[in-house]
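To start, I am sharing the structure in question, which I have written as structure tokens.
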Amino acid sequence: HTRSFHVTGVQTCALPIFRPCVCEAELERCDATCNARMLEKTFYMACLDLTDRPCLVVGAGPIGLEKIEGLLAANAQVHCVAKRACDEVRALAAEGAITLDERPYGPVDLTGRLLVVAATEDTELNVAIYRAAEERAMLVNVVDVPPLCNFILPAIVRSGPIAIAISTSGASPALAKRLKREILETYGEPHAELAVMLNGIRGWAKDLFPTYDDRKVFFEGIVNGDPDPIEMLRGGDVEGVRALIRERQDAAEALFAAS
């Protein structure tokens, strides 16, 4: 980041604006070494069920809107606090999709929330939110400031019941977005269709196969077998895939009946 200034008769110059250090190193100015340390972390990847769970977003500009929409897509109960909200966030509040307070944030706003996302450009406020959330053992994410996160938000590819998360451990959101585009070109509706079909026989498989390993062999035999069900679905042969699954079920039942 730079700040430009101009003096009459003198060429315009640009001075660097140094970011304050917000990590535990407490440096005079940020040298980004904490970002490098993020690459050494092994994150525990999990999918959260946020249905009807209270979540807080601090900040209601374009970035705050993006985070709100992501939480709403997961059916979370979203409350937003911001000194000023953009029109889109106000519209969500007006239709009852979220609750909104246009006022300064206070630590009391964290009470009863499962997680908080800070989407502000105020460094002191972001640090305060992070520390208060950590004291409460809450999940907290300060947008684009990895050292002030105890969870990170990966780029997500969704197709039906399939969700693929892409993370660069905070190193490059731009690269994560490129990976998302490339994955979308490879995986999509056929995979989602197959997932729905296979989910429909999970109960049958649990009744028939005595162990997890037996069920694993059966399902992997379909997914990785010949003919390839994904290629069949890409070709529009939905009934062919259903027949293939039924054929494998019949064979498994016959095997167990014989034993």
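Bear in mind the structure is a predicted one, so any value in this text is a computation, not a measurement.
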Check: In this structure, are over 12 heavy atoms from other groups packed under 6.0 Å from R158 atom CZ?
Finding: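 Not more than 12 within 6.0 Å, no.
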
Next item on the list: Establish, from distance only, whether the side-chain atoms of T51 and D49 form a donor-acceptor pair under 3.5 Å.
Entry: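 Per modelled atom types, T51 and D49 side chains form a pair under 3.5 Å.
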
Check: Hey, does the side chain of N126 reach the backbone of T120 with a donor-acceptor pair shorter than 3.5 angstrom?
Finding: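 Yes, N126 side chain to T120 backbone: donor-acceptor pair under 3.5 Å.
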
Next item on the list: Mark yes or no for whether R136, through its side chain, and A132, through its backbone, hold a donor-acceptor pair below 3.5 Å.
Entry: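 Present.
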
Note to self: Within the structure provided, determine whether V117 and V58 are in side-chain contact (heavy-atom separation under 4.5 Å).
What the structure shows: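 They are not in side-chain contact.
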
Notebook entry, point to check: Does a side-chain N-to-carboxylate-O contact under 4.0 Å join K83 and E121?
Noted result: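 E121 and K83: not salt-bridged.
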
Next item on the list: Would you kindly say whether T211 and D214 are connected by a side-chain donor-acceptor distance under 3.5 Å?
Entry: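 On atom types as modelled, these side chains qualify, holding a pair under 3.5 Å.
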
Next item on the list: Indicate yes or no: at least one non-hydrogen side-chain atom of V238 is less than 4.5 angstrom from one of M197.
Entry: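 Counting from C-beta outward, V238 and M197 do come under 4.5 Å.
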
Next item on the list: For the residue pair R178 and E182, establish whether any side-chain heavy-atom pair is separated by less than 4.5 Å.
Entry: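 Of all side-chain heavy-atom pairs linking E182 with R178, at least one is under 4.5 Å.
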
Notebook entry, point to check: Heavy atoms, side chains only, cut-off 4.5 Å: are P146 and I152 in contact?
Noted result: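 No - every pair of side-chain heavy atoms lies 4.5 Å or more apart.
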
Checklist line | Heavy-atom neighbours of D250 CG exceed 12 at 6.0 Å | finding: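 Yes, enclosed.
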
Check: With the 4.5 Å side-chain cut-off for hydrophobic clustering, are L72 and L115 part of the same group?
Finding: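 Shared cluster, yes.
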
Notebook entry, point to check: Where do A76 and C55 come nearest, in terms of heavy atoms and distance?
Noted result: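 That closest heavy-atom pairing would be CB-SG, 4.0 Å.
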
Next item on the list: Say whether, by atom type as modelled, one donor and one acceptor occur between the side chain of K180 and the main chain of I156 under 3.5 angstrom.
Entry: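 Answer holds: yes.
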
Check: Checking S159 side chain against I162 main chain: does a donor-acceptor pair fall under 3.5 Å?
Finding: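 No: the side chain of S159 does not pair with the backbone of I162.
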
Item checked: Closest approach of P229 to V241 (non-hydrogen atoms, all atoms of both residues) ->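 Reported closest heavy-atom pair: O-CG2, 3.7 Å.
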
Item checked: Qualifying residues under side chain to side chain donor-acceptor pair (under 3.5 Å), relative to E88, sequence neighbours excluded ->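 Scan of E88 (side chain to side chain donor-acceptor pair (under 3.5 Å), adjacent residues dropped) gives none.
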
Checklist line | Validation row: V78, T99 side chains within 4.5 angstrom (heavy atoms) | finding: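 No, their side chains stay 4.5 Å or more apart.
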
Next item on the list: For R90, enumerate each residue passing the side chain to side chain donor-acceptor pair (under 3.5 Å) test, keeping only those at least two apart in sequence or located in another chain.
Entry: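 Applying side chain to side chain donor-acceptor pair (under 3.5 Å) to R90 gives E102.
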
Notebook entry, point to check: Judged by atom type as modelled, is there a donor-acceptor pair below 3.5 Å linking the side chain of R234 to the main-chain atoms of P190?
Noted result: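 Not at all, since once roles are kept as given, no pair shorter than 3.5 Å links the two residues.
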
Note to self: List the residues meeting side chain to side chain donor-acceptor pair (under 3.5 Å) with D213, not counting sequence neighbours, and say none if there are none.
What the structure shows: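 D213 satisfies side chain to side chain donor-acceptor pair (under 3.5 Å) with no residue once adjacent residues are dropped.
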
Notebook entry, point to check: Do F256 and F209 have ring centres separated by under 6.0 Å?
Noted result: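 Yes, close enough.
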
Next item on the list: Apply side-chain contact (heavy atoms from CB on, under 4.5 Å) to the pair E193 and V196, showing each step before the final yes or no.
Entry: CA-CA 5 Å; E193 284 186 89; V196 171; 5.9 Å; no

Item checked: Heavy-atom donor-acceptor pair, D101 side chain to V81 backbone, under 3.5 Å ->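 Side chain of D101 to backbone of V81: no pair is present.
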
Note to self: Between R242 and E239 (salt bridge meaning N to carboxylate O under 4.0 Å), is one present in this structure?
What the structure shows: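 Looking at R242 and E239, the cut-off is met.
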
Next item on the list: Could you check if a side-chain atom of M138 sits within less than 4.5 angstrom of a side-chain atom of R113, using non-hydrogen atoms only?
Entry: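 They are in contact (side-chain heavy atoms under 4.5 Å apart), so the answer is yes.
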
Item checked: Between D109 and H79: side-chain donor-acceptor atoms closer than 3.5 Å ->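 Per modelled atom types, D109 and H79 side chains form no pair under 3.5 Å.
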
Check: Can you tell me if CD on E134 sees more than 12 non-hydrogen neighbours from other groups inside 6.0 Å?
Finding: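 Yes.
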
